[in-house]
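Worth saying up front: this structure is predicted, and the values here are computed from it rather than measured. Hydrogens, waters and symmetry mates are skipped; everything else that's a heavy atom, side chains included, is used. In each ligand, atom 1 is the first atom listed, and ligand 1 is the first ligand listed.
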Amino acid sequence: MNKFKGHFITFEGGDGAGKSTQIRILQERLTDRGYEVIATREPGGTQISENIREILLDPENTDMDPMTETMLYAAARAQLVSEVIRPALERGAVVICDRFVDSSIAYQGHGRGLGDAVSQINAHGIGDCMPDLTIYLHLDPGIGSQRIGDREKDRIEQEDHEFHLRVSEGFRRQVESDPGRIFVVDAVGSIQEIADRIEEKVMEIIHEV
Ligand code: TYD
C-alpha cells in the first residue's frame, strides 16, 4: 500500500540514453489523462539544488573528493525531496524525476567505488520517499558516449570509458536486486515505441499502488 496519495516515478540510465525526451512524452501523456504531473531533475529542481548542481558538474572542479561529490548529490536530493517531491506526493500528484538515488549508487557507489556508504549517506534526506517505479533506459555505454558526441561534456561525462562501464555494471546489479521496482527498457528503438512501453508500465503501477 502506497503511503502517499501521489505516485513517484524516476528515470535512470547512462548518459545519452534519451531520458529527457521520454520524460517529456510521459509528462504530456499523463497530463492528457488528467493527472497533475510534476517533472523535475537531479541534481537540481530547486534553487539551492541547482546551485549545488553547478558545483558538481563544473569541469573545472577536477580535484573534487568522491566523498564530497556523494554528499553534494545527497544534499541537492534532500532539498528536492523536502521542497518539491514530498509535498507533491502528499497532495496526490505524479512526480517524475530525471535520476534519483539509484544514480548515486551507480556513479558514486560503483563508478567511484564508495560502495554501501552511498545508500547510508542518502537515507536521511530521502526518508520514505522512495520511487514506486524506476524506468531504467538501458543503453550500451559506448553508444551513449557516441550519442553525446562532441557536445561539451560535464565533469561526470568526461570520465573515462572504464568509469562508465562500472556505472553500467552498478545499474545492472541494482536491477537484479530490486526487479519489482526497476523496469528495464531497451533504449534502442523508436521514440514512440519506447514511450508506449513506458506508458503501459506506468499506468499499471498507478492503478495498482
Ligand atoms: P545531467 O546533465 O542531468 O545528465 P543526464 O542528462 O545524463 O541526466 O547531469 C547529471 C550528471 O550527474 C550525470 O552525468 C550523472 C551524474 N550523477 C551522479 O553522478 N550522481 C547522482 O546522484 C546523480 C543524480 C547524477
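Numbered from 1 in the order shown, with element, the atoms of ligand 1 that lie under 4.0 Å from a heavy atom of L57 read 9 (O), 11 (C), 12 (O). Taking every heavy atom of E42 and a limit of under 4.0 angstrom, the matching atoms of ligand 1 come to 3 (O), 24 (C).
Electrostatic pairing of R41 and E50 counts as a salt bridge here, judged by a charged N lying under 4.0 Å from a carboxylate O.
Contacts between V101 and ligand 1 below 4.0 angstrom, taking non-hydrogen atoms only, are absent altogether. Residue-level proximity to ligand 1 for L56 is absent, since no heavy atom of it falls below 4.0 angstrom. Of the heavy atoms in E69, none comes closer than 4.0 Å to ligand 1.
At least one heavy atom of K19 sits less than 4.0 Å from an atom of ligand 1.
Proximity annotation for atom 3 (O) of ligand 1: of R41, R53, E159, E157, R53 comes nearest, heavy atoms only.
Interatomic distance, CD1 of I121 versus OG of S104, reported as 9.0 Å (0.5 Å rounding).
Linking Ile, Leu, Val, Met, Phe, Trp and Tyr whenever their side-chain heavy atoms come within less than 4.5 Å puts L72 and L57 in one cluster.
For the salt bridge (Lys or Arg N to Asp or Glu O under 4.0 Å) criterion with R155, the lone passing option out of E69, E60, E54 is E69.
For the pair R77 and F100, the cation-pi criterion (under 6.0 Å, within 45° of the ring axis) is fulfilled.
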